[in-house]
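Only this structure's heavy atoms are used, side chains among them; waters, hydrogens and symmetry mates stay out. We name chains A, B, ... by the order of the sequence lines, and we start the count at 1 in each one.
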2 protein chains.
Amino acid sequence: MTINQDTFTGEFSYTIDIKGRVNIPAKFRQSLAPENDQTFVITRGMDPCIWVYPLTAWQIIEDDLKDLSAISGINRSFIRNTVRYASSVTFDKQGRIMLSSNLLNYAKLKKNAFIIGMVNKIEIWDPSELAKVDKQNLTMDSSEYDALAEKIIL
Amino acid sequence: MTINQDTFTGEFSYTIDIKGRVNIPAKFRQSLAPENDQTFVITRGMDPCIWVYPLTAWQIIEDDLKDLSAISGINRSFIRNTVRYASSVTFDKQGRIMLSSNLLNYAKLKKNAFIIGMVNKIEIWDPSELAKVDKQNLTMDSSEYDALAEKIIL
DNA sequence: ATTGTTTACCCACAATTACCCACAATATAT
DNA sequence: ATATATTGTGGGTAATTGTGGGTAAACAAT
């Protein structure tokens, strides 16, 4: 019945309403471990999308950041940019979370959104952005992609 | 009485009902190891068919994906495309699983389906697609095929 | 305080899914 | 062969899920 806790797979299509709310797939809500207390941490992804972490997973990232020395300027910049756009969100009784307009703009999200399980995190994409980025990666680095496919035995 | 756990062989013909449910052959259900908790993971195959993994087999793939660094865009694309169409399904009291319309379309499945044991996974095919792909491979790469036949002593 | 705006918390409802039960066809046992 | 269990297929019903919107509390600015 339950997969690994805090493990997410699959693609789902949802609509973002006027208030900026999106549904979190029921499956993802159920596989979110109880100690996360129904909260995710959302932030900017490395791609033009929103990254959604289970709270406990994000806390590990924060702990790692604490270990970085503040003497180095580059460390401070790294910490700043990692945490800057992150905020924790709880989902409401209907299973939705609120997205800030800052994140919505960053991911170019409008009305429709794909929510994709990325094993240990979740991504929220605008459909056309997803297609664009995916196509780009596959055409530019197709040999690297094939190398991965050889390595991971499906 | 039992072959190796999580090992599947043979071909079976079933019908997909209006709700998108297909039967999993009783033989396959019985050879699914108990620790899978009656769940499979279904996803797009490399051929136009549906791939069905025992849960524990799929989790090994997920673990491999977790080890890939998220810094590389091509890695993210690979993870995304591998996991994107995957979802875990439990079979009901009658031994059926539900197939999403996304996967049904991808595999061009209509009313009839062949379910084929592929040793460590299971494939679900539309009969005519299977014939087409098989014929194509055998005519185009017949010498490679023969080389394999030499290697695997039957 | 008085506004206006944003956020949190409800309720409503259509659509989908999960969970049952029925039954014919096949297989197994006595 | 006859009885009994198992398997494959269909369908009904209740619960869940996704989506919209309403209202009141919290907050900000004047």
| message | Is any side-chain heavy atom of Gln59(B) closer than 4.5 Å to one of Leu55(B)? | response | yes
| field | Length of the CD1-P vector between Ile97(B) and dG8(D), whole Å | value | 13 Å
| request: Look at the side-chain N and O atoms of Ser100(A) and state whether any lies under 4.0 Å from the OP1 or OP2 oxygen of dT6(C). | output: no
| query | So, Thr56(A) and Asn36(A): side-chain donor and acceptor under 3.5 Å apart, yes or no? | reply | yes
| query | Whole-Å distance between dG18(D) P and Asn112(A) CG? | reply | 15 Å
| message | Base of dC9(C), side chain of Gln94(A) - is there a donor-acceptor contact under 3.5 Å? | response | no
| Phe91(A) CZ to dA8(C) P: how many Å, rounded? | 15 Å
| note | When rounded to whole Å, the CG to C1' distance for the pair Leu99(B) and dT17(C) reads 14 Å
| said: Does this structure show an ion pair linking Arg84(B) with Asp134(A), if we count only N-O contacts that are shorter than 4.0 Å? | reply: yes
| query | Below 3.5 Å, does any donor atom in the side chain of Lys19(B) face an acceptor in the base of dG12(D), or the other way round? | reply | yes
| Within this structure, what is the CZ-to-C1' distance between Arg29(B) and dT7(D), rounded to whole angstrom? | 7 Å
| message | Does a side-chain N or O of Thr90(A) approach OP1 or OP2 of dC9(C) to a distance below 4.0 Å, or not? | response | no
| Using a cut-off of 4.0 Å on non-hydrogen atoms, how would the nucleic acid contact of Asn23(A) be classed: base, sugar-phosphate, or nothing? | base
| field | Spacing of Asp17(A) atom CG relative to dG21(D) atom C1', expressed in whole Å | value | 9 Å
| task | Would you kindly give the OH-to-P distance between Tyr14(A) and dT16(C), to the nearest whole Å? | result | 13 Å
| field | Atom pair CG/CG of Leu104(A) and Leu99(A) - distance to nearest 0.5 Å | value | 5.0 Å
| request: Output yes when at least one side-chain N/O atom of Lys93(B) is less than 4.0 Å from OP1 or OP2 of dC20(C), else no. | output: yes
| request: Scan Lys27(B) against the nucleic acid and name what it touches under 4.0 Å (heavy atoms): base, sugar-phosphate only, or nothing. | output: nothing
| Given dG8(D), dG18(D), dC10(C), which nucleotide is nearest the side-chain atoms of Arg96(A)? | dC10(C)
| Can you tell me how far P of dG8(D) sits from CD1 of Ile115(B), to the nearest Å? | 9 Å
| request: Report yes or no: is there a donor-acceptor pair, N or O only, under 3.5 Å between the side chain of Arg21(B) and the base of dG8(D)? | output: no
| message | Please determine whether ring-ring contact (aromatic ring centres under 6.0 Å, His included) holds for the pair Tyr14(B) and Phe114(B), giving the CA-CA distance in whole Å, both sets of side-chain angles, and the decisive distance to 0.1 Å. | response | CA-CA 6 Å; Tyr14(B) 291 106; Phe114(B) 277 160; 9.9 Å; no
| task | Hey, which sits more toward the 5' end of DNA chain C by its nearest nucleotide, Asp92(A) or Met98(A)? | result | Met98(A)
